[in-house]
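Here's the structure we're looking at; comments come further down.
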Amino acid sequence: MTTTLITGANKGLGFETARRLVAAGHTVYVGARDADRGRRAAEQLGARFVQLDVTDDASVRAAAKTVEAEGGLDVLVNNAGIEVRGPDNVIPTAADTTADEMRTVFETNVFGVVRVTHAFLPLLQRSAAPVVVNVSSGLASLTALSDPDSPAHFYQAIAYPASKTTVNMITVQYAKAFPGMRINAVEPGFTATDLNGRTGTQSVEEGAEIIVRMARLGPDGPTGGYFDAKGSLPW
């Protein structure tokens with residue numbers, strides 16, 4: 001039985017990924033900051049709940065101890081993430097971006113990934129087929145954001161894409177450091193979730209496709225890559 005932890009799994013892409021992996025036979029931990037929402041989601045899914053705030057060291061350490069005591073971990077999906085938006089869902093401009101805004105976004109999207117990965121590495125290293133999936137974004141691609149012909153070129157905010165570009169770098173470095181693991185970054189696509197005020201153009205079912213696919217990789221699968229549902233993406 002494959003055991004999987006998904007951060008930020010009480011709603012959106014995390015919830016749909018959990019649903020699909022439970023259906024595929026995984027034992028799934030729904031990681032969530034809010035205990036009530038997390039427990040309700042886990043009950044609805046037939047999954048296990050673990051309280052986990054990716055911005056809090058003590059919370060992450062406690063979650064790792066819980067998962068270890070209950071048998072260990074094979075797959076980690078770093079899904080929890082935030083995007084700062086203004087009133088009426090307005091995307092902040094470069095001129096409006098402050099260091100505090102950058103710090104807030106990086107605390108969840110970057111430091112949270114490192115915090116959780118670091119805490120669960122000992123458990124993953126004991127697995128026969130360890131997998132890490134880091135949920136990135138198409139906005140992480142320097143190639144796409146630099147290309148005037150790419151839709152991503154017109155996204156004006158700084159904090160969110162910078163955080164996801166950093167997630168891609170983290171992914172590459174972890175993959176090199178742990179060649180026995182399958183560690184990849186994925187781009188779900190512009191999915192309608194609370195993150196973007198539900199302005200996305202595709203469903204969570206569509207967005208979760210690549211997350212689920214990479215979470216189910218075998219030991220011969222790719223590692224250190226950046227993928228969407230159609231294949232590899234340019235850095």
Side-chain angles (χ1 to χ4, degrees), residues 1-9 13-31 45-48 64 67-68 70-81 110 112-138 140-144 164-189 191 202 204-235:
M1 178 73 75
T2 300
T3 300
T4 300
L5 167 66
I6 305 168
T7 65
L13 284 168
F15 183 90
E16 176 60 18
T17 299
R19 186 189 70 79
R20 298 267 293 275
L21 290 176
V22 167
H26 287 216
T27 297
V28 174
Y29 283 91
V30 169
L45 291 164
R48 300 179 183 182
V67 174
E68 181 178 26
E70 295 181 0
L73 189 68
D74 303 295
V75 179
L76 170 61
V77 179
N78 284 309
N79 167 74
V110 177
V113 170
V114 174
R115 184 176 287 112
V116 173
T117 303
H118 178 76
F120 284 90
L121 270 173
L123 278 65
L124 290 165
Q125 288 177 299
R126 297 172 199 163
S127 170
V131 172
V132 178
V133 181
N134 293 327
V135 178
S136 182
S137 167
S141 171
L142 297 177
T143 301
K164 292 302 188 178
T165 301
T166 307
V167 167
N168 284 2
M169 176 59 78
I170 289 168
T171 301
V172 169
Q173 295 299 86
Y174 274 127
K176 290 193 302 183
F178 301 100
M181 299 186 188
R182 303 299 90 185
I183 305 176
N184 293 288
V186 299
E187 141 68 328
T191 305
Q202 65 177 16
V204 289
E205 290 81 7
E206 292 171 303
E209 171 62 32
I210 185 59
I211 307 175
V212 172
R213 186 190 310 171
M214 300 310 281
R216 299 184 68 189
L217 281 183
D220 59 346
T223 192
Y226 175 35
F227 302 93
D228 68 4
K230 296 179 181 178
S232 296
L233 292 174
W235 300 110

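Here, residue 1 is the first one in the sequence, and each next residue gets the next number.
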Just verifying a value: how many Å separate Leu76 CG and Thr3 OG1, rounded to the nearest 0.5 Å?
12.5 Å

Side chains of Asp74 and Thr4, heavy atoms from C-beta outward: is any pair under 4.5 Å?
no

Residue pair Lys164 / Glu187, side-chain heavy-atom distance below 4.5 Å
no

Just so I know, are the side chains of Phe15 and Val204 near enough to count as touching, which here means a heavy-atom distance under 4.5 Å?
no

Strictly by modelled atom types, are Asn168 and Ser136 linked by a side-chain donor-acceptor pair under 3.5 Å?
yes

How long is the span from the CG atom in Leu233 to the CG atom in Asp228, to the nearest 0.5 Å?
4.0 Å

Run the side-chain contact (heavy atoms from CB on, under 4.5 Å) check on Thr7 and Val116 step by step: do they pass?
CA-CA 9 Å; Thr7 65; Val116 173; 4.2 Å; yes

Find out whether Val132 and Tyr174 are in side-chain contact, i.e. whether some heavy atom of one side chain is under 4.5 Å from a heavy atom of the other.
no

Taking the side chain as every heavy atom from C-beta outward, state whether Leu217 and Asn184 have any pair of such atoms under 4.5 Å apart.
yes

Does some side-chain heavy atom of Met181 sit less than 4.5 Å from a side-chain heavy atom of Leu121?
yes

In plain terms, say whether Glu205 and Arg20 are close enough for a salt bridge, that is, a side-chain N and a carboxylate O under 4.0 Å apart.
no

Measuring from atom CD1 of Ile6 to atom CD of Glu16, what distance do you get when rounded to the nearest 0.5 angstrom?
10.0 Å

Take atom CZ in Arg216; do more than 12 heavy atoms of anything else shown fall under 6.0 Å from it?
no

For Val77, run the side chain to side chain contact (heavy atoms under 4.5 Å, CB included) check against Val135, Val186, Leu5 and tell me which one passes.
Val135

Contact between Phe227 and Arg213 at the side-chain level, heavy atoms closer than 4.5 Å - yes or no?
no

